[in-house]
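Here is the structure we will look at.
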Amino acid sequence: MPELPEVETVRQGLAQWVTGRRIASVQVRHPRAVRRHVPGAAHFADVLAGRTVTGVRRRGKYLWLPLDSGDAMIGHLGMSGQLLLQPLDAADELHLRVRFRFADDGPELRFVDQRTFGGLSVSEGGAELPAEIAHIARDPMDDAFSDAGFVAALRRRRTEVKRALLDQTLISGVGNIYADEALWRAKLHGARPTDALTAPAVTRLLGHVRDVLGEAIQQGGTSFDDLYVDVNGESGYFDRSLNVYGREGAPCRRCGTPIRREAFMNRSSYSCPRCQPRPRVAPRG
DNA sequence: CCTCATTCCTGCGGGC
DNA sequence: TGCCCGCAGGAATGAG
């Protein structure tokens, strides 16, 4: 499940392999992969052909490839998206959605996506920051991220702290896995009401978010299965470092209490019952 | 404006 | 054995 560290790993690989290359042709093999490109699949392919990729940038879980035209191709991996560099003669993947060939006849770029939650689109004039993702907050690895602004904004919310961490308009790049890991490190239950947290507590939580994201980037991200790999098809290793996510019943690495799993927002939350007790009062109580 | 439930999608694995 | 259902979940969308 690609979150910031996985997307950053992909970004680094793409930057190495596609920067400076001119796109020769684009083949859209599944229209759903470009559903966010309103003018349609044919236009998507036409507007990219002949353009040179000038870099690879990221905000939160979104990637974009600025082009020499001043436009940008936006990409989101969703749940199961992959951007792979492959030899021209490599067999098509079962879930190959979009293929890019380059003028240099070198390795081609493929967008492969089993569940099709991800997608690609072209942003007109979006090279610097695509308008389509301008509503996404800066992520905590961005030099321009404002710690004080985040702390204040989170405390103004009337919601639960895990919901706030997952809100990409407040802080981007954090998904279910890293939210649980950061909350465990901060010894906070995800249901804690944001407006009752002190500023120092939120500052500490942010520090843990940044730490866990940074450590995961160093490990090449988290891979549970073949659904997340880098541009060369390699898995990351951070799953070995997870303290709570996916560890229901296993002993907490701080206190030995079995990790619990709770339903949350149609998914699962993992936490330590002892280190992260549920809040005593309801959020609206 | 703010918050939150719903929806999209496919493959896997548990249970019967 | 084979079928069905739940689960995985990021983010757009619309309801309230």
Side-chain angles (χ1 to χ4, degrees), chain A residues 1-8 10-11 29-38 58-64 74-83 93-98 111-121 123 130-139 152-183 190-196 209 213 216 221-229 235 239 242 244-249 260-270 282-285:
Chain A
M1 289 129 266
E3 302 180 29
L4 187 152
E6 294 75 38
V7 179
E8 173 60 19
V10 170
R11 189 201 66 76
R29 300 180 78 259
H30 196 307
R32 186 171 157 79
V34 295
R35 66 193 179 283
R36 303 252 171 241
H37 189 79
V38 176
R58 182 186 58 71
R59 174 173 286 198
K61 304 169 194 172
Y62 277 94
L63 291 168
W64 75 95
I74 302 172
H76 196 291
L77 302 178
M79 286 290 296
S80 55
Q82 303 175 345
L83 285 163
E93 292 80 1
L94 177 60
H95 302 294
L96 174 62
R97 308 304 189 190
V98 184
F111 180 63
V112 177
D113 191 8
Q114 178 195 96
R115 294 177 211 173
T116 66
F117 274 37
L120 307 176
S121 60
S123 173
E132 292 85 346
I133 60 174
H135 64 291
I136 301 293
R138 289 184 186 274
D139 63 66
L154 182 140
R155 296 180 69 227
R156 278 197 297 271
R157 292 293 175 94
R158 294 191 62 81
T159 187
E160 299 174 359
V161 64
K162 183 168 175 181
R163 287 180 180 275
L165 288 179
L166 296 177
D167 184 342
Q168 305 297 302
T169 66
L170 186 59
I171 181 172
S172 69
V174 181
N176 201 38
I177 298 172
Y178 297 108
D180 278 3
E181 293 298 312
L183 288 165
R192 292 280 291 272
T194 47
D195 57 352
V209 168
L213 293 176
T222 300
S223 302
F224 293 110
D225 49 35
D226 294 338
L227 289 185
Y228 162 70
V229 292
S235 296
D239 58 312
L242 296 175
V244 281
Y245 187 85
R247 296 191 67 238
E248 182 181 17
R260 78 180 147 203
R261 180 166 70 94
E262 297 172 292
F264 169 81
M265 288 174 74
N266 291 328
R267 61 204 69 182
S268 294
S269 284
Y270 297 89
R284 302 298 152 74

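Computed over heavy atoms, backbone and side chain alike; hydrogens, waters and symmetry mates excluded. So you know, we letter chains A, B, ... as the sequences are listed, proteins then strands, and number each from 1.
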Anything under 3.5 Å between a protein N or O and an N or O of nucleotides 12-16 of chain C, put it in a table, one pair a line.
from    : atom 1 : to      : atom 2 : distance (Å)
dA12(C) : OP1    : Y62(A)  : OH     : 2.6
dA12(C) : OP2    : H135(A) : NE2    : 3.1

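- In this entry the distance linking CG of L170(A) with C1' of dG10(C) reads 16 Å, nearest Å.
- Under the side chain to side chain contact (heavy atoms under 4.5 Å, CB included) criterion, A164(A) pairs with L154(A), T159(A), L170(A), T194(A), not counting sequence neighbours.
- The side chain of H76(A) places an N or O atom within less than 4.0 Å of a non-bridging phosphate oxygen (OP1 or OP2) of dA11(C).
- Distance alone, capped at 3.5 Å, is enough to place a donor-acceptor pair between the E181(A) side chain and the V244(A) backbone.
- Distances shorter than 4.0 Å separate none of the side-chain N or O atoms of T159(A) from OP1 or OP2 on dC2(B).
- The interatomic distance linking E160(A) (CD) with dA5(B) (C1') rounds to 14 Å, in whole Å.
- In the model, S269(A) has no side-chain atom that pairs as donor or acceptor with a side-chain atom of E262(A) under 3.5 Å.
- Ion pairing between a basic and an acidic side chain is recognised when a charged N comes within 4.0 Å of a carboxylate O; R97(A) and D113(A) show no such pairing.
- Heavy atoms of N266(A) sit under 4.0 angstrom from at least one base atom.
- In this structure, N176(A) places its CG atom 10 Å from C1' of dA8(C), rounding to the nearest Å.
- Between L166(A) atom CG and dT3(B) atom C1' the separation is 14 Å, expressed in whole Å.
- Closest approach of G175(A) and E3(A) over heavy atoms only: N-OE1, 2.7 Å.
- Rounding to whole angstrom units, CZ of residue R157(A) and P of dT3(B) are separated by 5 Å.
- Atom CG in L63(A) sits about 15 Å away from atom P in dG10(C), given to the nearest Å.
- Contact annotation for S80(A): no contact, since no heavy-atom pair falls under 4.0 Å across all strands.
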Exercise. Going 5' to 3' along nucleotides 8-13 of chain B, which nucleotides have protein heavy atoms under 4.0 Å from the base (write B), which only from the sugar-phosphate (write S), and which from neither (write -)?
Worked result: BBBS--
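- Rounded to whole angstrom, the span from the CD1 atom of I171(A) across to the P atom of dG10(C) amounts to 14 Å.
- Distance, D113(A) CG to dA11(C) P: 13 Å, rounded to whole Å.
- For the 3.5 Å distance criterion, the side chains of T222(A) and D239(A) fail to qualify, holding no donor opposite an acceptor.
- Checked against V161(A) for a side-chain contact (heavy atoms from CB on, under 4.5 Å), the options L183(A), D195(A), L166(A) give a single hit: L183(A).
- Across all strands shown, R261(A) has heavy atoms under 4.0 Å from sugar-phosphate atoms exclusively, and none from any base.
- Using a distance-only test at 3.5 Å, with no hydrogens or angles considered, a donor-acceptor pair links the side chain of R267(A) to the main chain of M265(A).
- A rotation axis mapping the C1' atoms of four pairs onto the next four is fitted at both ends of the helix from dC2(B)-dG16(C) to dC16(B)-dG2(C) over five pairs, and the angle between these axes is 50° to 10 degrees.
- Taking the side-chain hydrogen bond (donor to acceptor under 3.5 Å, both in side chains) definition, one finds that E8(A) meets it with R11(A), Q12(A), R58(A), sequence neighbours left out.
- When each of Y62(A), F111(A), F117(A), W64(A) is checked for a ring-ring contact (aromatic ring centres under 6.0 Å, His included) with H76(A), only Y62(A) meets the rule.
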Exercise. For R157(A) and D167(A), what are the C-alpha separation, side-chain angles and deciding distance, and is it a salt bridge (charged side-chain N to carboxylate O under 4.0 Å, His left out)?
Worked result: CA-CA 11 Å; R157(A) 292 293 175 94; D167(A) 184 342; 2.7 Å; yes
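- With sequence neighbours excluded, the residues forming a side chain to side chain contact (heavy atoms under 4.5 Å, CB included) with E93(A) are L84(A), Q86(A), L96(A), R110(A), V112(A), listed by chain and number.
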